[in-house]
Amino acid sequence: MFLGKEYRPVRVVLLGPPGAGKGTQARTLAKRLGVVHVASGDLFREHQAKGTELGQNAKTFMAKGLLVPDAIVIAMVLERVARPDCAGGVVLDGFPRTLEQAKALDRALGEKGLDRVVLLKVSEEELVRRLGGRLICRVCQAPYHRETAPPRVEGRCDRDGGELYQREDDRPEAVRQRFRVYQQQTEPLLDYYRTQKKLREVDGAQEIETVSSKLVGALKP
Ligand code: AP5
Ligand code: MG
């Protein structure tokens with residue numbers, strides 16, 4: 001269901017640990033708001049699929065579950081957000097992830113800045129279960145789950161029929177590293193946005209549709 005004009009333009013960040021459902025929710029939310037979905041991880045994987053230098057530079061960090069250096073990420077995402085299609089609003093997923101990135105985003109957006117930052121809260125046990133069963137479309141990167149969100153046809157994306165595969169960084173060692181990195185480098189952003197009075201929290205451990213409607217509720221002024 002498309003949401004009314006009172007929600008636009010809207011600039012939203014989805015925060016949360018690996019596997020919290022940022023990608024799943026950001027896609028639906030952006031569609032309902034009629035704005036663009038920008039996911040830093042998806043942008044890096046697109047670069048890798050095309051074999052660009054940026055993709056190659058990011059690859060070693062990503063495979064180990066480490067953050068790609070701020071200068072590279074900031075330049076890539078801010079260039080994307082500055083394009084005309086983002087003027088009507090944007091749902092950011094996976095960016096910012098460090099204080100440096102958050103400050104760079106605030107500077108780029110100017111006086112009004114972000115409208116809302118929403119944290120998807122999920123226990124670590126549930127995150128490990130989700131990432132172990134996740135499959136991603138090679139064409140559009142839509143996430144699925146073998147048990148909780150299976151595709152209609154096994155091994156194929158519902159939207160474009162693309163092949164589904166397991167991400168390299170969903171191996172157990174890389175997942176553990178990504179959790180540590182999230183706690184050390186991204187959790188400090190919660191206080192940063194709390195101070196700005198922009199942070200809302202949503203229980204991300206519920207059914208996908210329930211999380212979606214709670215997320216819409218969290219955008220209300
Ligand atoms: P990125 O691609 O952003 O990965 P991530 O943050 O680790 O998050 P995930 O994509 O793993 O999880 P998600 O929250 O999107 O969950 P999803 O919806 O898929 O980043 C990858 C790497 O790129 C980083 O490690 C880093 O190296 C680099 N990078 C990216 N951005 C960067 C930045 N800003 N700075 C520096 N480096 C950066 O859902 C997970 C699974 O659960 C799916 O199978 C899904 O079907 C299922 N699921 C979702 N919701 C539910 C639900 N409610 N109930 C049951 N199952 C559910
Ligand atoms: Mg994601």
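Along the sequence shown, residues carry numbers from 1. Order of listing sets the numbers, starting from 1, for every ligand and every atom in it.
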Measuring only between side-chain heavy atoms, which start at C-beta, is Ile74 closer than 4.5 Å to Phe95? yes
If we number the atoms of ligand 1 from 1 as shown, the ones under 4.0 Å from a heavy atom of Met62 are 22 (C), 23 (O), 27 (O), 28 (C)
Short N-O contact, Asp169 and Arg167, less than 4.0 angstrom: yes
CD of Glu173: more than 12 outside heavy atoms within 6.0 angstrom? yes
Kindly work out whether a path of hydrophobic side-chain contacts (I/L/V/M/F/W/Y, heavy atoms less than 4.5 Å apart) joins Val38 to Val68. yes
Could you tell me, atom by atom, which parts of ligand 1 come under 4.0 Å of a heavy atom of Val68? 28 (C), 36 (C), 37 (N)
Would Gly21 count as being in polar contact with ligand 1, using the rule that some N or O on each side must be under 3.5 angstrom apart? yes
Measure the distances from the heavy atoms of Ala20 to every atom of ligand 1 and state whether one is below 4.0 angstrom. yes
Looking only at heavy atoms, the pair that brings Ala149 and Ile208 closest together is CB-CD1, 4.1 Å
Look only at interatomic distance and state if Ser40 has a nitrogen or oxygen under 3.5 Å from any nitrogen or oxygen of ligand 1. yes
Nearest neighbour of atom 18 (O) of ligand 1 from the list Thr24, Leu14, Ile136, on a heavy-atom basis: Thr24
So, Gln196 versus Asp106: side-chain donor-acceptor pair below 3.5 Å or not? yes
Nearest-contact summary for atom 56 (N) of ligand 1 - protein heavy atom, Å: Thr148 OG1, 3.2 Å
Would a 4.5 Å heavy-atom cut-off, applied to side chains only, mark Thr186 and Leu15 as touching? yes
The atoms of ligand 1 lying under 4.0 Å from a heavy atom of Ala149, numbered in the order shown, are 46 (O)
Regarding ligand 1, does Arg178 bring an N or O atom to under 3.5 Å of one of the ligand's N or O atoms? yes
Among Glu147, Arg134, Arg167, Gln177, whose heavy atom sits nearest atom 19 (O) of ligand 1? Arg134
Under a 4.0 Å threshold between the charged nitrogen and the carboxylate oxygen, would Arg130 count as salt-bridged to Glu126? yes
of all protein heavy atoms, closest to atom 53 (N) of ligand 1 is Gln206 O, 2.8 Å
Give the numbers and elements of all ligand 1 atoms closer than 4.0 Å to a heavy atom of Arg45. 2 (O), 21 (C)
Taking atom types as modelled, is there a side-chain donor on Gln206 or Lys214 under 3.5 Å from an acceptor on the other? yes
Backbone or side chain, does any N or O of Gly19 fall under 3.5 Å from an N or O of ligand 1? yes
Same cluster (ILVMFWY, side-chain, under 4.5 Å), Phe61 and Val77: yes
Give the atom numbers and elements of ligand 1 that come within less than 4.0 Å of a heavy atom of Val73. 33 (C), 34 (N), 35 (N), 36 (C)
Any side-chain heavy-atom pair from Leu131 and Pro18 closer than 4.5 angstrom? yes
What atoms of ligand 1 come closer than 4.0 angstrom to any heavy atom of Leu66? 26 (C), 27 (O)
Just going by heavy-atom distances, which of Arg97, Arg27, Lys22 is nearest to atom 3 (O) of ligand 1? Arg97
Taking the basic N atoms (NZ, or NE/NH1/NH2) and the acidic carboxylate oxygens, is any pair closer than 4.0 Å for Arg27 and Asp42? yes
Distance-only N or O hit between ligand 1 and Gly65, under 3.5 Å: no
Show which atoms of ligand 1 fall inside a sub-4.0 Å distance from at least one heavy-atom site of Gln101. 33 (C), 34 (N), 35 (N), 36 (C)
N/O of Leu131 under 3.5 Å from N/O of ligand 1, yes or no? no
Quick one: which ligand 1 atoms are inside 4.0 Å of a heavy atom on Gly204? 53 (N)
Would you name the heavy atoms of Thr24 and Pro143 that are closest together and state the gap between them? OG1-CG, 3.6 Å
When distances are taken from atom 52 (C) of ligand 1, the protein heavy atom at minimum range is Arg130 NH2, 3.3 Å
Side-chain heavy-atom pair Val12, Val35 within 4.5 angstrom cut-off: no
Any N/O of Gly23 closer than 3.5 Å to an N/O of ligand 1? yes
Ligand 1 to Glu207 polar contact by distance, N or O atoms, under 3.5 Å: no
Mind checking whether Asp42 has an N or O less than 3.5 Å away from an N or O of ligand 1? no
Nearest candidate to atom 46 (O) of ligand 1, where distance is taken over non-hydrogen atoms, out of Phe179, Tyr144, Phe95: Tyr144
Taking Arg194 first and then Glu201, would you say they form a salt bridge - that is, a charged N and a carboxylate O separated by under 4.0 Å? yes
